[in-house]
A.B. asks: 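Here it is, the structure in full.
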Amino acid sequence: MNLLTFVVLLPLIGGALLLLIPKQRGRFLVAALSSAATLAISIVIAREVMAKGAVAAQMAGWEAPFGITLIADGLSALMLVLSGVMGLLTVFFVDATLHAGPRRGYGSLLSRARELFGAQALFQFLFAGVNLSFVTGDVFNLYVAFELMLIASYGLLLLGGELPQLREGLKYVVINLVSSALFVAGAGLVYGLFGTLNMADIAMRAQLHGPDARITAVVMLLALVFATKTALFPFGFWLPNSYPVPMSAASAFFAAMLTKVGAYTLIRLFTLMFPEEVMIQQILLGLAGVTVLVAALGAVARHRWRHITSFINVASIAVVVAGVFSGTLAGRTASVYYLINSVLVIFALFLIAALAERLSGQNTLKQGHLALYPWMGVGYFIVMIAVAGLPPTSGFIGKFAVASALLGASGWVSAAAATAVILSGIVLVYAGVQVWVGYFWGDPGKLRRLELPRPMVLITTVAVGLVALLPLISGPVFELAGQIAQQLDGNEAYIQAVFPDGNPTLGGE
């Protein structure tokens, strides 16, 4: 299915064209068209996958496992659509931000510098890397996708050259360079063990290979890499201070999608290639339980908008990981549903934070904004109760399902993780009330009303609207999550799409 190539090629070509276009309006139009076309193709792929099962394309006609395989199953298609929606909204928010100037407390030349040095082009390259992560069928091209994604994210993180960007950017680059080096080493070891890097081929060979301490060691190395990308405790110390420093649109997309790429690769590693490595899955489940509670406490301890939201993002993705490694179909279903909720909620929360920073800087301890900006208070309230998992929001549905699946699974680790998920909801309620009292409540007499840029307000409203819409359509969405979870159980459709005539290297088996 050659459409799979277009979700990567379109943003790559769009990014290259953006480097050649001299005027800002022209750059925005190309970026918007590229992102809209990528989203449209992602929707077509998703419809095809849900109708026919997994679909694959073999580049240059080389059959698997000898050539490059692109493949989309239900999980890939879902992630492509979410990436497309977030990418299109990000393009519009970037344009609105660059027209409106930097947030309060920053020089007027900052937005102009970001425009001149290719913010829109870097976003297109970032979208290409993210999409390639979701459709690649082999480990080496997953590494290529990570590098494309990371190089673009380095540029976006450092674009503007502010002191916090340079300080946190150095940590971000070093951590990811070390992680990438370990990834290359892990990929080499996988090839040494199996003679292939095709994920479906590895899955078939691992089943024939049987228990092996060498495989366990390699899987632990790859799990370390992907856990760092996902920001699981104690490997996620770099994220809460890194994500708040770039331009607000970059923070929103990073939080909504980049950590989800890490979770996606963990899912592929343990549901497709190495499902028998139960011990490592239990370790990751325990780390996810610790992460969700530590991150929630981190949100309480901070008083800056995007720092709070960054900790909330870490807690959110940890819930997804916990459900996946519950070891049950119910847990995987709940995780897929909560993954959708997490992407929408975190993106909307970062956009609200961006508006709040334009009014009063980064600090949340400036009371009285509810009276002057009631619509922003309503948006924050909707998103925050979804973050905390209070009824009747999609966050409640997802967290309840994850906790129920964990409690229904065997073992004390699952029970402890379920307890952490429940306690984190209580802690996040406190964090949300703390921001509400510190920022929205109180006397507005000492505040001066400022007009927020209408395009930024409109895009934020759309993002909040998606959060409010999700619980209204939770029945069909949860059913879809169940179908995707069933595909992950054994991955027969995935393997069949890669090897429709059987695996030639295993005698057609």
Side-chain angles (χ1 to χ4, degrees), residues 4-5 7-9 11-12 15 38 59 68-72 75-76 79-80 82-83 86-87 122-158 169-191 197-199 202 218-232 235-236 238-239 242-243 246 250 253-274 284 313-314 317 320-321 339 343:
L4 293 173
T5 62
V7 295
V8 180
L9 289 178
L12 276 179
T38 303
M59 298 296 94
I68 295 173
T69 299
L70 299 182
I71 180 169
L75 182 61
S76 302
M79 299 308 295
L80 285 176
L82 289 173
S83 175
M86 297 301 102
L122 287 171
F123 272 109
Q124 292 299 313
F125 296 137
L126 181 65
F127 301 159
V130 170
N131 290 345
L132 180 58
S133 299
F134 296 143
V135 298
T136 185
D138 69 82
V139 176
F140 179 75
N141 280 295
L142 180 61
Y143 168 75
V144 172
F146 271 40
E147 290 308 295
L148 175 58
M149 179 175 66
L150 288 171
I151 289 170
S153 71
Y154 297 157
L156 288 168
L157 191 72
L158 298 171
L170 177 61
K171 299 176 188 176
Y172 180 88
V173 171
V174 169
I175 289 296
N176 281 288
L177 285 176
V178 172
S179 179
S180 295
L182 294 175
F183 192 178
V184 171
L189 292 171
V190 167
Y191 188 80
L197 289 174
N198 184 285
M199 294 181 186
I202 292 170
V218 172
V219 174
M220 288 187 70
L221 178 61
L222 291 175
L224 170 63
V225 172
F226 300 147
T228 303
K229 305 289 187 185
T230 315
L232 292 184
F235 312 113
W238 54 273
L239 188 148
S242 297
Y243 278 17
F253 189 83
F254 283 11
M257 294 309 305
L258 294 198
T259 47
K260 308 308 183 294
V261 172
Y264 172 87
T265 50
L266 280 175
I267 293 170
R268 285 285 178 236
L269 184 66
F270 288 103
T271 63
L272 173 62
M273 293 185 281
F274 304 107
L284 290 171
N313 174 46
V314 175
I317 196 62
V320 174
V321 174
L339 178 65
V343 169

A.B. asks: Can you classify the ring geometry of Phe254 versus Tyr172 as parallel (below 30°), tilted (30 to 60°) or perpendicular (above 60°)?
C.D. replies: parallel
A.B. asks: Do Thr38 and Asn131 pair up side chain to side chain, a donor and an acceptor below 3.5 Å, judged on atom types alone?
C.D. replies: no
A.B. asks: Enumerate the residue pairs fulfilling salt bridge (charged side-chain N to carboxylate O under 4.0 Å, His left out) with a member in residues 257-272, sequence neighbours excluded, ordered by first and then second residue.
C.D. replies: Asp73-Arg268
A.B. asks: I need the full list of salt bridge (charged side-chain N to carboxylate O under 4.0 Å, His left out) pairs touching residues 170-186, with sequence neighbours left out, sorted by first then second residue.
C.D. replies: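 Salt bridge (charged side-chain N to carboxylate O under 4.0 Å, His left out) check on residues 170-186 returns Glu168-Lys171.
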A.B. asks: With sequence neighbours left out, what residues match Phe270 under ring pair (Phe, Tyr, Trp, His ring centres under 6.0 Å)?
C.D. replies: Phe325
A.B. asks: Where is the tightest heavy-atom contact between Leu222 and Gly186, given as atom of each residue plus distance?
C.D. replies: CD2-CA, 4.0 Å
A.B. asks: Would you name the heavy atoms of Phe125 and Leu12 that are closest together and state the gap between them?
C.D. replies: CE2-O, 3.7 Å
A.B. asks: If you measure from CG on Leu132 to CZ on Phe127, what distance do you get to the nearest 0.5 Å?
C.D. replies: 15.0 Å
A.B. asks: Can you name the residues that form a ring pair (Phe, Tyr, Trp, His ring centres under 6.0 Å) with Tyr191, not counting sequence neighbours?
C.D. replies: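 With sequence neighbours excluded, Tyr191 shows a ring pair (Phe, Tyr, Trp, His ring centres under 6.0 Å) to no residue whatsoever.
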A.B. asks: Kindly indicate, with the supporting measurements, whether the criterion side chain to side chain contact (heavy atoms under 4.5 Å, CB included) is fulfilled by Tyr143 and Val139.
C.D. replies: CA-CA 6 Å; Tyr143 168 75; Val139 176; over 6 Å; no
A.B. asks: Please report the interatomic distance CH2(Trp238) to OG(Ser179), rounded to the nearest 0.5 Å.
C.D. replies: 8.5 Å
A.B. asks: Can you tell me how far apart CG (Leu272) and CD1 (Ile202) are? Round to the nearest 0.5 Å.
C.D. replies: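 Interatomic distance, Leu272 CG to Ile202 CD1, rounded to 0.5 Å: 8.5 Å.
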A.B. asks: How long is the span from the CG atom in Leu224 to the CG atom in Leu232, to the nearest 0.5 Å?
C.D. replies: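 Result: 10.5 Å between the selected atoms.
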A.B. asks: With side chains defined as the heavy atoms from C-beta onward, is the minimum distance between Met149 and Leu258 less than 4.5 Å?
C.D. replies: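 Result yes, sub-4.5 Å side-chain heavy-atom pair found.
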A.B. asks: Which heavy atom in Ile71 sits nearest to a heavy atom in Gly137, and how many Å separate them?
C.D. replies: CG2-CA, 4.0 Å
A.B. asks: Taking all heavy atoms of Val321 and all of Ala263, pick out the closest pair and write down the distance.
C.D. replies: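 Shortest heavy-atom separation between Val321 and Ala263 comes out as CG2-CB, 4.4 Å.
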A.B. asks: Run the numbers on Val130 and Met79 for side chain to side chain contact (heavy atoms under 4.5 Å, CB included), then give the verdict.
C.D. replies: CA-CA 9 Å; Val130 170; Met79 299 308 295; over 6 Å; no
A.B. asks: Would the distance check show the side chain of Ser153 and the main-chain N or O of Leu150 forming a donor-acceptor pair, the cut-off being under 3.5 Å?
C.D. replies: yes
A.B. asks: Please round to the nearest 0.5 Å and tell me the distance separating atom OG1 of Thr259 and atom CD1 of Ile317.
C.D. replies: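 Those atoms lie 5.0 Å apart.
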A.B. asks: The criterion is side-chain hydrogen bond (donor to acceptor under 3.5 Å, both in side chains); which residues satisfy it with Thr136, sequence neighbours excluded?
C.D. replies: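 Result, side-chain hydrogen bond (donor to acceptor under 3.5 Å, both in side chains) vs Thr136: none returned.
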A.B. asks: Distance-only, no hydrogens or angles: does the Thr271 side chain make a donor-acceptor pair with backbone N or O of Ile267 under 3.5 Å?
C.D. replies: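 Yes, because the side chain of Thr271 sits within donor-acceptor range (under 3.5 Å) of the backbone of Ile267.
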A.B. asks: Restricting to non-hydrogen atoms, name the atom on Leu221 and the atom on Ala185 that form the minimum distance, rounded to 0.1 Å.
C.D. replies: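 Where Leu221 meets Ala185 most closely, the heavy atoms are CD2-C, 4.3 Å.
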A.B. asks: Is it true that, when you exclude Phe140 itself, more than 12 heavy atoms of the residues, nucleotides or ligands shown sit nearer than 6.0 Å to its CZ?
C.D. replies: no
A.B. asks: So which heavy atom on Ser83 is nearest to which on Phe134, and how close?
C.D. replies: CB-CE1, 4.2 Å
A.B. asks: For Met220, does the CE atom sit with more than 12 other heavy atoms under 6.0 Å from it, leaving out its own atoms?
C.D. replies: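 It does not: Met220 CE has 12 such atoms or fewer within range.
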A.B. asks: Between Ser133 and Tyr264, does the side chain to side chain contact (heavy atoms under 4.5 Å, CB included) criterion hold? Intermediate values first, please.
C.D. replies: CA-CA 9 Å; Ser133 299; Tyr264 172 87; 5.5 Å; no
A.B. asks: Roughly how far, to the nearest 0.5 Å, is CG of Leu70 from CG of Asn141?
C.D. replies: 7.5 Å
A.B. asks: With sequence neighbours left out, which residue pairs that include part of residues 219-232 fulfil the side-chain hydrogen bond (donor to acceptor under 3.5 Å, both in side chains) condition?
C.D. replies: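 For residues 219-232, and leaving out neighbouring residues, the side-chain hydrogen bond (donor to acceptor under 3.5 Å, both in side chains) pairs sorted by first residue read Asn176-Lys229.
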A.B. asks: Before giving the answer on side chain to side chain contact (heavy atoms under 4.5 Å, CB included), spell out for Leu148 and Leu126 the whole-Å C-alpha distance, their side-chain angles and the decisive distance to 0.1 Å.
C.D. replies: CA-CA 7 Å; Leu148 175 58; Leu126 181 65; over 6 Å; no
